[in-house]
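Have a look at the structure below before the remarks.
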There are 2 protein chains.
Amino acid sequence: QTPIVRGVALDRNEAKITVTNVADIPGSIATIFGKLANDGVVVDMIIQNASRNGSTDVTFTVPEQDLDRSIEGLQALDLISSTSELISDRAICKISIVGVGMRTHAGVAAKAFELLGRDNINIQMVSTSEIKVSVVVHERYGELAVRALHEGFGLHQSAGEQQAAS
Amino acid sequence: QTPIVRGVALDRNEAKITVTNVADIPGSIATIFGKLANDGVVVDMIIQNASRNGSTDVTFTVPEQDLDRSIEGLQALDLISSTSELISDRAICKISIVGVGMRTHAGVAAKAFELLGRDNINIQMVSTSEIKVSVVVHERYGELAVRALHEGFGLHQSAGEQQAAS
Ligand SMILES: C[C@@H](O)[C@H](N)C(=O)O
Ligand SMILES: C[C@@H](O)[C@H](N)C(=O)O
């Protein structure tokens with residue numbers, strides 16, 4: 001049976017910003033990312049879960065070197081000063097399990113979560129697609145998480161991956 | 001300049017389930033998706049934003065035909081009856097903007113949000129990666145959203161895409 005998990009990537013250079021209480025009306029998220037794009041910020045993940053009470057949080061990740069500029073740019077927006085606050089965190093890392101056909105193999109995400117949970121690694125954020133399961137955890141767990149996933153999925157850590165992990 | 005947006009995909013056959021107030025401790029999300037995997041449920045997107053008060057919501061999408069089975073499976077879990085509730089919705093669709101190198105082109109996500117917002121389409125959920133910006137909107141907006149994105153990104157709707165949209 002063809003293994004569907006191809007590799008594990010670790011990105012330590014990420015920081016996250018959560019914009020809290022974004023009004024759940026058309027145009028809100030466009031305002032936020034329009035400003036970031038104008039400011040030339042490189043955005044990686046964007047995560048927004050469904051609103052339950054008229055507003056929701058929007059979280060995105062940027063390279064750590066873009067964190068201050070992202071915050072300053074957003075603070076200039078009316079919506080930020082009046083209704084939302086910015087919660088930022090540099091002490092995170094992103095781990096991605098990369099494969100193919102993972103949608104029909106929901107077990108891959110479940111197994112990844114199980115492997116991390118078993119090592120007592122708390123999962124802060126999750127964003128998945130057919131080819132990638134991405135989680136954000138505290139940066140202290142980066143190496144342990146990669147090890148747990150490699151062992152659990154029977155992968156050998158390549159030189160290339162070890163390089164990316166540093 | 002090479003266009004980096006390649007196409008727009010519409011999936012009308014999705015339903016979403018939000019598990020509310022999932023304890024932000026290791027193993028919680030593993031329990032949820034372990035059960036779903038055991039029940040043979042096909043999961044597409046998984047979205048979890050950062051917790052702010054010790055718990056957070058976890059949302060995932062499944063084909064509409066798997067919705068009832070997913071709900072029944074999760075209701076069997078202790079965590080669901082005691083602390084969390086399940087909020088499900090069939091009336092959604094998922095729209096994905098597919099391209100390459102979109103991480104360094106955060107403007108693509110910003111532009112997609114702007115195009116949708118301008119047509120008064122409310123964005124319920126967002127999950128992005130380097131190659132895909134996915135949003136969940138009310139199913140009534142499916143066709144309008146695809147049209148707005150095609151026009152805004154200068155794409156021609158292919159026969160293949162029209163097929164996928166039905
Ligand atoms: C919360 C935010 O995504 C809002 N629903 C919008 O469409 O912009
Ligand atoms: C909320 C949930 O993801 C929890 N943090 C876990 O690791 O399982």
Side-chain angles (χ1 to χ4, degrees), chain A residues 16 18 20 24-38 41-52 56-60 87 89 103-107 109-136, chain B residues 16 18 20 24-38 41-52 56-60 87 89 96 103-104 106-107 109-136:
Chain A
K16 74 111 186 178
T18 296
T20 66
D24 192 26
I25 57 175
S28 304
I29 196 173
T31 300
I32 293 168
F33 288 93
K35 184 65 167 74
L36 292 167
N38 272 350
V41 171
V42 175
V43 173
D44 182 24
M45 297 166 87
I46 302 172
I47 291 179
Q48 174 192 305
N49 210 334
S51 146
R52 282 203 274 141
T56 186
D57 293 349
V58 177
T59 299
F60 61 95
I87 303 175
D89 188 354
R103 172 176 178 169
T104 51
H105 294 270
K111 183 171 178 174
F113 300 150
E114 173 63 26
L115 290 164
L116 297 173
R118 196 177 299 174
D119 259 329
N120 229 29
I121 297 169
N122 195 49
I123 297 167
Q124 298 181 9
M125 291 155 56
V126 177
S127 171
T128 71
S129 73
E130 254 182 69
I131 60 164
K132 201 192 280 194
V133 172
S134 291
V135 299
V136 168
Chain B
K16 73 112 186 176
T18 296
T20 66
D24 192 26
I25 58 175
S28 305
I29 195 173
T31 300
I32 294 168
F33 288 93
K35 184 65 166 75
L36 291 167
N38 272 352
V41 171
V42 174
V43 173
D44 182 23
M45 296 166 87
I46 302 172
I47 290 178
Q48 175 192 306
N49 209 335
S51 145
R52 282 202 274 139
T56 185
D57 293 349
V58 177
T59 299
F60 60 95
I87 303 175
D89 188 354
S96 297
R103 173 176 177 167
T104 51
K111 183 172 178 174
F113 300 149
E114 174 63 25
L115 291 165
L116 297 174
R118 196 176 301 174
D119 259 331
N120 229 30
I121 297 168
N122 194 49
I123 297 168
Q124 298 181 9
M125 291 157 54
V126 177
S127 171
T128 71
S129 73
E130 253 183 68
I131 60 165
K132 200 193 280 194
V133 173
S134 291
V135 299
V136 168

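Every chain is numbered from 1 and lettered A, B, ... according to where its sequence line falls, protein lines coming before strand lines. The analysis underlying the following values was restricted to heavy atoms, covering all of them including side chains, and did not include hydrogens, waters or symmetry mates.
Looking at A/Leu115, neither its backbone nor its side chain comes within 4.5 Å of chain B, counting heavy atoms on both sides. Heavy atoms closer than 4.5 Å to chain B are found in both the backbone and the side chain of A/Ile46. Contact annotation for A/Gln124: only backbone heavy atoms (N, CA, C, O) come within less than 4.5 Å of a heavy atom of chain B. Contact of B/Lys16 with chain A is made through the side chain alone, with heavy-atom distances under 4.5 Å. Neither the backbone nor the side chain of B/Leu116 comes within contact range of chain A; no heavy atoms are under 4.5 Å apart. For a residue to count as touching a neighbouring chain, one of its non-hydrogen atoms must lie under 4.5 Å from one of that chain's; by this rule B/Ile123 touches chain A with backbone and side chain alike. Of the two parts of B/Val136, neither the backbone nor the side chain holds a non-hydrogen atom closer than 4.5 Å to a non-hydrogen atom of chain A. Of the atoms belonging to A/Val135, not a single heavy atom falls under 4.5 Å from chain B.
Annotation: salt bridge (Lys or Arg N to Asp or Glu O under 4.0 Å) contacts of A/Asp57 (sequence neighbours excluded): B/Arg52. In this structure, B/Asp89 has no salt bridge (Lys or Arg N to Asp or Glu O under 4.0 Å) partners at least two apart in sequence or on a different chain.
The distance from the OG1 atom of A/Thr20 to the CG atom of B/Asn49 is 10.5 Å, given to the nearest 0.5 Å. Put simply, CD1 on A/Ile47 and CE on B/Met125 are 11.0 Å apart, with the number rounded to the nearest 0.5 Å. The OG atom of B/Ser129 sits 11.0 Å away from the CD atom of A/Glu130 when rounded to the nearest 0.5 Å.
Taking every heavy atom of both residues into account, A/Thr18 and B/Ala50 meet most closely at OG1-CB, 4.4 Å. What you find for B/Ala37 and A/Ala110 is that their closest heavy atoms are CB-CB, 4.1 Å.
When B/Ile87, B/Asn120, B/Thr128 are compared by the number of non-hydrogen pairs under 4.5 Å with chain A, B/Thr128 comes out ahead. Among B/Pro26, B/Ser28, B/Gly117, the residue making the largest number of heavy-atom pairs under 4.5 Å with chain A is B/Pro26. Each of B/Thr56, B/Ile25, B/Asp24, B/Asp119 has some count of heavy-atom pairs under 4.5 Å with chain A, and the biggest count is that of B/Asp24. Ranked by heavy-atom pairs under 4.5 Å with chain B, the list A/Val126, A/Thr31, A/Ile121 is led by A/Val126.
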